[in-house]
Every structure is written in structure tokens, then in C-alpha cells.
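In what follows, chains are A, B, ... by sequence order, proteins preceding strands, each numbered from 1.
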Amino acid sequence: MPERKLQYKEELFSTEDPFFTPFEIQMGPQHPSTHGVLKLRLVLEGERIVDCEPEIGFLHRGLEKLAESMSYTQVLPLTDRLDYISAMNNNTGYALAVERLLGIEPPPRGKFLRTMVCELARVASHLLWLATHALDIGAMTVFLYCFREREKILDFFEDICGARLTVSYPKIGGVRLDVEMGTLERIYDFLPEMEKRLEEYEGLLSENRIWLERTRGVGVISAEEAIAYGLTGPSLRGSGVEYDVRKHFPYDAYPDLDFEVPIGKNGDIYDRYLCRLKEMRQSLRIVKQCIEKMPSGPVCAENSPDLDMLISKRAPVAMAKGEIAFIGFPFERVNLVPFGELYSAVEGAKGELGFYIVSDGTGKPYRLHIRAPSFVHISALPKLAKGHFLADLVSIIGTLDIVMGECDR
Amino acid sequence: MTEGLLKEIFENFNQEIFEVGEFRGQLYLILKDRNSIKPLMRFLKERSFNHLQTLTAVDYSQLGRSYRFEVVYQLYSISNRCALRVRVPLKEEENIESIVEEYPSANFFEREVFDLFGIRFTGHPDLKRILLPASWKGHPLRKDYPLEPEEKPEDFLSLKEFKEILATHGIK
Amino acid sequence: MRLSPRHILLVDLLKGLSITLKTLFKKPVTVEYPRKRVQLYASFRGRHALVRDPVTGDARCVACLKCSQVCPSRCISIKFEDDPEKGVRKLISYVIEALRCIYCGYCEEVCPVGAIVLTEWFEYSQSTREAFLFDKERLLQNWDAFVKTFEGKVYTNKFWNLRGVPESLKPVFKREGIDVKLRGEAS
């Protein structure tokens, strides 16, 4: 049993062997297990994978080029669509990068609200990851149970900002709307219920012999190789490396909160699964602390740019007459952005989500580059999948937690 | 720890560095010559800068500088908690060496830069287009590539134009 | 581990099955749509509508073009002309391409008179793409249809907030909301 598994993995495929008959098959863009439009060119020998080459770009929407023609505030709803499962983290990442560029500091209540919704979005994303991963391996009950909880979290998002999935709620300088006490109380009551449900998922999977057979010892990557291949997030922490952007580059309210970062040992699928489950528990702990420590006050900075921020100093003629005549704004308009470039990263649900902005002084970004974790994880797929069975390939794609919206931008 | 590291870099590579700067607390180096990138990366890899956060390029043709492109490498040392950015200016049609040997994660990043900018990386195992189809002409993220195509195909017309076209034929 | 009593008696599999058995007797969470509807929260970003002014009965838009400029997907097209006698602008046509809209809520947040809103109406599928070009009359009809399902006399929206401006300086409609019934109409 375990001994035979190791045996086939250590066999090397020699091309001089007369019985070596590989054949090539495409695991095409339309496939229920590839989690989006991902095309894999597989070279199989029997059921074992000799080579695997991913092809991406089916969901490429030209976000980086589009962002060069819009003002900084107009780009924010576009970043929703990167990792569309946990949209709050993308918005926070972009808003943080622009805040660091402009030198704006959000007020404390804005920071705590942003942290709270980011952690709720992380829980929602991990729930969907668990649902689809377990479904691919064969556990269909977990799929429906996870979606039942995810619905509740999406209902909270709808209450807070009016949309479930593409939220555009964090904005440059804080958050867009304030949250009422009733909503905070409901979220607070939901937390212990969610912890009970996490115990249910663990009871269904963590000690189940079928799950252990399919995930232990599969898709192993060591710590040095994981860092070399650029893995971040739970995929890296499953191999034993302590790298979490929330601890290394603290942002928002994380310096004031108390939480742990779970680390794995072996670097196989089972350790990554345990890492993500423990992360969900820590996220619930963070949300609880956020609600208990929530300060009062404004939710957005005074000098944050307006929605209709000017793109250049020469304002369009239509804006010159009109709206300011009957509303007097007591604060100053920010319409000039400092020159420079900077890189800032947040801990998205999948890994390190980074934004590199080059600004040339006008209200549009000169260059916006998005460092998407899924893009880098897919490059590690050939390394992880060599020598495994075809059925293990599906588990490996699931454990890397790939979202094509983020990968292709 | 970080000062010691940076001093070592400045001592060994004093000739190759053109400028050192800092913006919003982030340190960057601009190199004079594109050939010194591989020795610098090998040096940094040995000095514990093991995490390549991102690799990208910028097209500066609208800002009127002496070079056209700039390839940007953002590195981070997990054990020493030190971040560093290296910028290499390139003129048109110049190649640069690939760093896939030291940092395997640069594989997909360099393919993306080739796809969207047209900068070639010598020594890359498999340099081909990644996000766009293989038969695409042009490099979109260059500043002279238009956002919308000049001749729009039929299904690209916005609904208003489509309605006007229909109205000319008398269909409401 | 393979020959331990826990393994032979299938303890781990039975634990999972017991969880499923317990859930069998709980109340299901499904909402039987379309017979029962889910209650949406206020300021849900749904179908667009031009608010009818309770005094004049027409749209409140003054053609300042702010919504058209701030829209990230550029889906609002406005045509206007200057009225030389009164010194105001007259709105000729206002078209929203609903299929391009990304439902970000920027237009309702930036409008200074509260003319365009995103209502809590999400069931508006059509069979042709042309039917999604909402012009001014269609948007006013959207508002009337929404008002029929709206309980309450005054409509407010969470996105009507002005940062930093004290309550007394806000325009009347942002403080108090817009009356839903037209003046002169029998209630």
C-alpha cells in the first residue's frame, strides 16, 4: 500500500525503453475540474503523467492596458474582477497601493472595517476552495455544506454594500459606506455557528481514510523549491515556510490584532488542507476582535480623491460649469499625484497579491502591474504533477487554489 | 542586518549601479548596463534574497527619456525581511539575459513581458506568448498600441451603433 | 494503524455518516424560488432608474454629465442643449447600455441632484440585446415599476453620503430623501 505508491513515483521514464509509448491529450479549457478556463497539454504513459504544460490566457481582459486610460478611482471596480471569489482583498490591495503613493492614511474605523470584510472574504474564498476541492476528489456533501455557509457571508456583504460578489467596497482612503450596529451584531452571532460548522467539515474529512489515502504524500514540494517557484500563501505555508504578508508587511488593522499563522510540515496536499482550515479559524478570531475593538469615527480619509477626480489639470469644459454652484465643499480637491513608482502587497486568499504602480503626475496610472498568485502557482504545476496518476492531477490543481480571473487578468 | 547587506551590494557592484533611490520607504537600484543583471542576481540569491516578488516592464516612450523600456525586478529576503527593487533600462530592440536558472518563478513572468512588450530574454527555455494566442500580431502594452482597434469587427460594435445601423434599414 | 480497532470498525467513516444523518433531520435552507422570494437589503445595486421629481413629474437630471464621466465602463450617453432664456441645460436624450454596466454604484454616488439610482430590482431579463438600451422613458418606467413595490413614503439610498459635509449643509434630498408619490396624485 504505502510502499507501492512510493515505488511508482521513483521510477524514471527512459525514452530508450521500447515499451515507452507516451500519448498526448488535451485537458481542455472547458472541464469541470480545472476551475475555470485552464488548458493543460498532458503527455501520459498509461495513467501516469510524463509531462504537463499549462496554457492560459482564455480569460485575458486587458486590465493593465485599460487601467492606463482611467483615473485611479475608476480602476477600483475593475480590480473586483481579479479574484472574483474574494473581491474585498483585491480592492484593499489596490486601495492600499494608491494610498501609499498619495500618502493618505485611512481613519481607524475605516481600517478596522476593511480588515473585517477582508477576513470574511478570506473565509468565503476558503469555503469555496474546500467545496470544489472536495467535490473533485469525490466528497459531494462537503460541497453543499460549504455553500450553505458561503451564502450567509455573501448576505452580509449584500447588507454592507449592496452587492454580493463584485463589491467595490474598500475605496482609496478607507471604505465607501458605514456599517450599522445591527449588521455587526448579526456577524458577531454568526461566528460561533461558523466554528461549529468547521468542526463538521473536519469530522467529515480530516480523519476519513479515503481522504487520507488520496491526499497524503501527493503533490509534495519542499520548502526551498516552493520559494524558488514563487509559491506564496497557504500553498507555501504547507511546506513549512513562515511567510505571511500580514506579518511581514503589516497593513490596515493587523498590527493591533492578535492572530497566528498556521504552518505545515510535509508540503503535501493534506498539510495545505489543514493549513487552510486553521486559517479559517484564525480569520474568525480576527473578525471577532475587529468587532469588539471597532472604534467610532469617520470611515474615509478627509483628503481621499473624489470619485470624479480630474485626470489632468485642464479640466474638461463640461465640468467647469455645473455642480459646484449649489454645494460647497469645505475640503480641498486633490488632483495632482506625486511622481514615482511603488510596489505594495496584501495577503489575498490565494497568496501574495501585489500591485506595482508607476505614476507620472496625472490622475491616471502610467503603468499598473498586478502580481497575481494564481499566475505564479500555475508555473509550479508541471513540477508538482510529474510522475503522478491522472486522478492526482485533479487534486493538485485543486490544492493550488487557482482562479483564472486572477491568473489572466 | 539590512545595512550590512546593502553595503556589500554597493561595494561589489559599484561600477554597475547608476543610481540608488528611495520613494515612500522602498529602495531601488538602477543599473547602467543590462549585462550586469545576471551576476547581480546570482549575488543576491546567495545573500538570501530568495523570493522574487515580481518581474515586469514599463514603456517610458511617452515620458521622453533616453531609453524606451525598463525591466523591473522586485526581490525580497524572507529571513532578513529586506526588500529591494532593481531596474534595468533598455533601448528599443535590445535583449536581456533571463534569470530562470536562479529564480525558476521568473519563467512565466518573462514570458508575459515578452508577450505584452516584445522584450526578448536570451537563455529562456521556452519563450513564447502566454496570455495572447500564438498568432497575435503586435505587443499590446506598448504605448503605441491602441486601446480599441481601428476597424471593429461586427460583434464589437456597441449597441448604440448597432441600433443606428438597424434604423437605417428601417428595423426598430 | 491498519489493524487498530478504530480502523477495522470503520470509526472514521461512521463519524462522517453520522454528521450527514444529523443534517437529514434539520430544516433545509433552500428558498423555493420563484414561489417564495428572497428579501433584498436596502441599496442593493440592481436595475437603473431615473427618479421622478415629485413636483414636476419629469426626470430630475440637469445634464451635468458627472455620471457619464465617472462611469468606468462608459455606458451612459447624454445629449443636451443650452436653453438661453433660463440659463439652464435641457436634457435631450439619456441612454444607458445596461449590458456594459458593471453595477459599481458610482453614478448614483456622484449625482448631485439624485437623478439616477440603482434600485433593488434584479429580475429583468430580455430576449434581445437591443431591449437593454435603456433610454429616458424606459428608465422613468423602471422607476414607476419600482415604486409600486416600495413600501414607505420617502426613498433614501445608502450611497447618498457626502464626506465631511455636516448634515445641515447637505442638499434637502440627501438629508430627507425623495417623496415617492407625485404631488397632486391621489394616494
Around [X], counting heavy atoms of other residues, nucleotides and ligands shown, do more than 12 lie under 6.0 Å from its [atom1]?
{"X": "Glu19(B)", "atom1": "CD", "answer": "yes"}
{"X": "Arg120(B)", "atom1": "CZ", "answer": "no"}
{"X": "Glu22(B)", "atom1": "CD", "answer": "yes"}
{"X": "Glu242(A)", "atom1": "CD", "answer": "no"}
{"X": "Lys265(A)", "atom1": "NZ", "answer": "no"}
{"X": "Glu101(B)", "atom1": "CD", "answer": "no"}

One should read off an interatomic distance between Tyr343(A) OH and Thr54(B) OG1, to the nearest 0.5 angstrom, of 6.0 Å
Nearest-0.5 Å distance, CG of residue Asn50(B) to CD of residue Glu224(A): 9.5 Å
Using non-hydrogen atoms and a 4.5 Å limit, figure out which bit of [X] sits close to chain A: side chain, backbone, both or neither.
{"X": "Arg87(B)", "result": "side chain"}
{"X": "Ala57(B)", "result": "backbone"}
{"X": "Gln26(B)", "result": "side chain"}
{"X": "Tyr60(B)", "result": "both"}

With chain A as the partner, which of Ile130(B), Asp115(B), Asn107(B) has the greatest number of non-hydrogen pairs under 4.5 Å? Ile130(B)
Pair count under 4.5 Å, heavy atoms only, with chain A: among Glu112(B), Gln53(B), His51(B), Glu102(B), highest is Gln53(B)
Between Arg111(B) and Glu55(A), does at least one N-O distance fall below 4.0 Å, as a salt bridge requires? no
Assess whether a salt bridge exists between Arg24(B) and Glu99(A), defined as any Lys/Arg side-chain N lying under 4.0 Å from an Asp/Glu carboxylate O. no
Tell me which of these, [options], has more heavy-atom pairs under 4.5 Å with chain B than the rest.
{"options": "Ser379(A), Gly230(A), Cys407(A)", "value": "Ser379(A)"}
{"options": "Arg371(A), Arg100(A), His248(A)", "value": "His248(A)"}
{"options": "Lys383(A), Glu352(A), Glu225(A)", "value": "Glu352(A)"}
{"options": "Thr232(A), Leu231(A), Ile227(A), Asp408(A)", "value": "Ile227(A)"}

Okay, His369(A) and chain B: the region with an atom under 4.5 Å from a heavy atom over there is side chain
Proximal component of Leu59(A), with respect to chain B [non-hydrogen, under 4.5 Å]: neither
For the pair Tyr76(B) and Phe249(A), name the ring-plane relationship: parallel under 30°, tilted 30 to 60°, perpendicular over 60°. tilted
Should the ring pair Phe109(B) and Phe375(A) be called parallel, tilted or perpendicular, given that the plane angle runs from 0 to 90° and is split at 30 and 60? tilted
Report yes or no: do Arg367(A) and Thr56(B) form a side-chain donor-acceptor pair below 3.5 Å? yes
I'd like to know if the side chain of Lys65(A) reaches the main chain of Tyr145(B), judged simply by a donor and an acceptor atom lying under 3.5 Å from each other, with no hydrogens or angles considered. yes
Closest non-hydrogen atom pair, Pro104(B) against Ala228(A): CD-O, 3.4 Å
Minimum heavy-atom separation for Asp59(B) to Tyr366(A), with atom names? O-OH, 2.8 Å
Show your working on side chain to side chain contact (heavy atoms under 4.5 Å, CB included) between His377(A) and Phe108(B) and close with a plain yes or no. CA-CA 10 Å; His377(A) 291 186; Phe108(B) 268 34; over 6 Å; no
Please confirm whether the ring centroid of Tyr103(B) lies under 6.0 Å from the ring centroid of Tyr229(A). no
